[in-house]
Protein chains: 2
Amino acid sequence: MRLRDELKELAIREQAMEMIVKEGFDGLSMQKLAKAAGVSPATIYIYFKDREDLIRQIYYEEMLVMSQETLKGFDPDMHFDEGLRVQWMNRAQYCMKYPLRMHFMEQMRHSPLHEKFQGDAQNPFSAAMKTFVANAIQRNELVKLPIEVYWSMAYAPLYQLIKFHQSENGMPGWGKFVLDEQTLNRTLDLVLKALKP
Amino acid sequence: MRLRDELKELAIREQAMEMIVKEGFDGLSMQKLAKAAGVSPATIYIYFKDREDLIRQIYYEEMLVMSQETLKGFDPDMHFDEGLRVQWMNRAQYCMKYPLRMHFMEQMRHSPLHEKFQGDAQNPFSAAMKTFVANAIQRNELVKLPIEVYWSMAYAPLYQLIKFHQSENGMPGWGKFVLDEQTLNRTLDLVLKALKP
DNA sequence: CAAAAATAAACGAACGTTCTTTTATTAAAA
DNA sequence: TTTTAATAAAAGAACGTTCGTTTATTTTTG
């Protein structure tokens with residue numbers, strides 16, 4: 001019997017991501033995707049049950065990789081400053097290196113598909129962060145607050161910065177914004193100032 | 001001659017928003033929309049040039065209303081604490097009152113259409129914020145920093161909180177999150193702590 | 001009556017998916 | 001070693017449906 005050509009599946013995944021990022025979810029058609037990936041439409045259905053399954057699989061895979069990248073060199077027992085810094089740098093590096101994947105995830109996260117898929121997605125990051133936050137509070141390195149407030153303060157500014165960086169226009173009325181390491185560090189300092197007791 | 005029935009246009013706009021929020025951009029079809037709005041497909045084309053123009057107009061209108069609501073009771077000459085608090089409360093109230101519109105805007109902001117439309121959208125908020133920030137820095141009520149960093153610190157946490165509140169699941173692994181006024185105020189205090197010199 | 005609003009019906013194009021056939025590859029048979 | 005049978009991958013063409021949009025016609029109202 002004939003073996004699967006994994007390069008084909010990879011091309012399908014990659015092109016699908018690119019189409020979604022560039023033209024939105026309604027820009028992803030199976031026939032256009034097949035053409036872009038250099039494959040017959042029928043071939044896509046060997047690897048994926050249907051259109052939704054294709055998107056779902058790309059999403060799950062990306063979620064997993066992103067979580068792992070964020071946790072590189074991270075330990076839940078780290079001091080709060082250091083742990084948060086590691087996470088910020090990991091995230092920033094990953095987003096800068098793979099802007100397409102970042103855009104895809106952002107688009108996913110804000111689409112109705114997100115709530116539909118969320119349940120089954122495995123996310124190693126959540127558990128690690130739980131311990132990390134508990135430790136930090138116990139050591140009095142972090143003010144006590146609901147986990148959602150912590151998340152909002154600790155990560156939302158980072159993602160917003162990255163989004164500015166990757167936007168062509170920056171803020172309306174201002175020029176293009178470039179996120180360098182100094183700006184990243186200074187913003188992190190502000191966040192730490194807010195979160196430390 | 002016959003006059004336009006503005007209720008029809010309103011129904012079209014409202015149903016379009018609902019379809020996009022509930023099913024995503026690929027869930028918005030002109031024929032389904034016509035049926036949902038109780039109107040003939042051709043009627044939509046009296047009010048809107050085409051599908052993209054429909055989305056664009058809804059977006060511009062919503063952008064304008066949202067900006068205005070955010071600026072209610074706000075004055076760029078206010079002290080920093082007070083000004084930011086007014087904006088937070090205005091935004092929070094509006095998002096709680098009109099979750100559909102909020103979801104629509106969030107989806108828009110993270111889709112490829114956003115960059116496409118951004119140029120022409122008028123946004124009274126931007127100019128007001130520019131003055132507000134300049135004033136605050138001059139009075140030494142706010143640390144000096146790039147406008148993008150300011151935005152990321154000052155508003156991203158708020159939007160993230162609201163998103164948690166409106167999400168069915170809250171954070172994965174935790175229960176549903178309810179954003180009450182106390183939590184909102186405490187988070188704002190954290191933000192102010194970060195931003196004040 | 002004039003004129004614009006509104007509609008029903010229809011257009012070709014594109015959609016997601018499947019059917020049928022061909023191709024490539026492995027393992028057994030000669 | 002060569003041939004053959006078996007099997008899954010891959011392709012191409014086509015399925016019926018729905019898409020965005022328009023045309024031809026009717027309805028409403030100043």
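Throughout, protein chains are lettered first and strands after them, A, B, ... in sequence-line order, and every chain is numbered starting at 1.
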Query raised in the report: Side chain of A:R2, base of D:dA9: donor and acceptor closer than 3.5 Å?
Result: yes
Query raised in the report: Are B:S29 and D:dT18 close enough that a side-chain N or O sits under 4.0 Å from OP1 or OP2?
Result: no
Query raised in the report: Crowded around A:K193 NZ? As in, over 12 foreign heavy atoms under 6.0 Å?
Result: yes
Report summary line: Test side chain to side chain donor-acceptor pair (under 3.5 Å), reference A:D53, set A:R56, A:K49, A:Q57, output is A:Q57
Query raised in the report: With respect to the phosphate group of C:dG16, does any side-chain polar atom (N or O) of A:R51 fall under 4.0 Å of OP1 or OP2?
Result: yes
Query - Test log, rule side chain to side chain contact (heavy atoms under 4.5 Å, CB included), inputs B:Y150 and B:V143 - result: CA-CA 9 Å; B:Y150 166 72; B:V143 293; over 6 Å; no
Query raised in the report: Can B:H165 and B:K176 be said to form a side chain to side chain donor-acceptor pair (under 3.5 Å), step by step?
Result: CA-CA 8 Å; B:H165 175 89; B:K176 174 118 187 58; 5.4 Å; no
Query - Spacing of B:I12 atom CD1 relative to C:dA6 atom C1', expressed in whole Å - result: 11 Å
Query raised in the report: Of the non-hydrogen atoms in B:L33 and B:M19, which two are nearest, and what is the gap between them?
Result: CA-SD, 3.6 Å
**Report entry** Rounded distance in Å - NZ (A:K8) to C1' (D:dA9)
**Finding:** 8 Å
Report summary line: Whole-Å distance, A:F25 CZ to C:dG16 P, equals 14 Å
Query raised in the report: Can you list every pair that meets ring-ring contact (aromatic ring centres under 6.0 Å, His included) and has a residue in residues 61-84 of chain A, with sequence neighbours left out?
Result: A:F74-A:F132, A:F80-A:F132
Report summary line: When rounded to whole Å, the CG to P distance for the pair B:L54 and D:dC19 reads 15 Å
Query raised in the report: Taking atom P of D:dC19 as reference, at what distance in whole Å does atom CG of B:D50 sit?
Result: 17 Å
Report summary line: Contact check, residues 30-49 of chain A vs DNA chain C, heavy-atom distance under 4.0 Å, returns A:M30, A:Q31, A:K32, A:P41, A:A42, A:Y45
**Report entry** d(CD, A:E6; P, D:dA10) in whole Å
**Finding:** 10 Å
Report task. To the nearest Å, give me how far apart CG (A:D5) and P (C:dT23) are. Result -> 17 Å
**Report entry** Check: B:H103/B:K22 side-chain N/O donor and acceptor closer than 3.5 Å
**Finding:** no
Query raised in the report: So what does A:L28 hit on the nucleic acid, given a heavy-atom distance under 4.0 Å: a base, only sugar-phosphate, or nothing?
Result: sugar-phosphate
Query raised in the report: Is the distance from OP1 or OP2 of C:dA5 to the nearest side-chain N or O of B:R4 less than 4.0 Å?
Result: yes
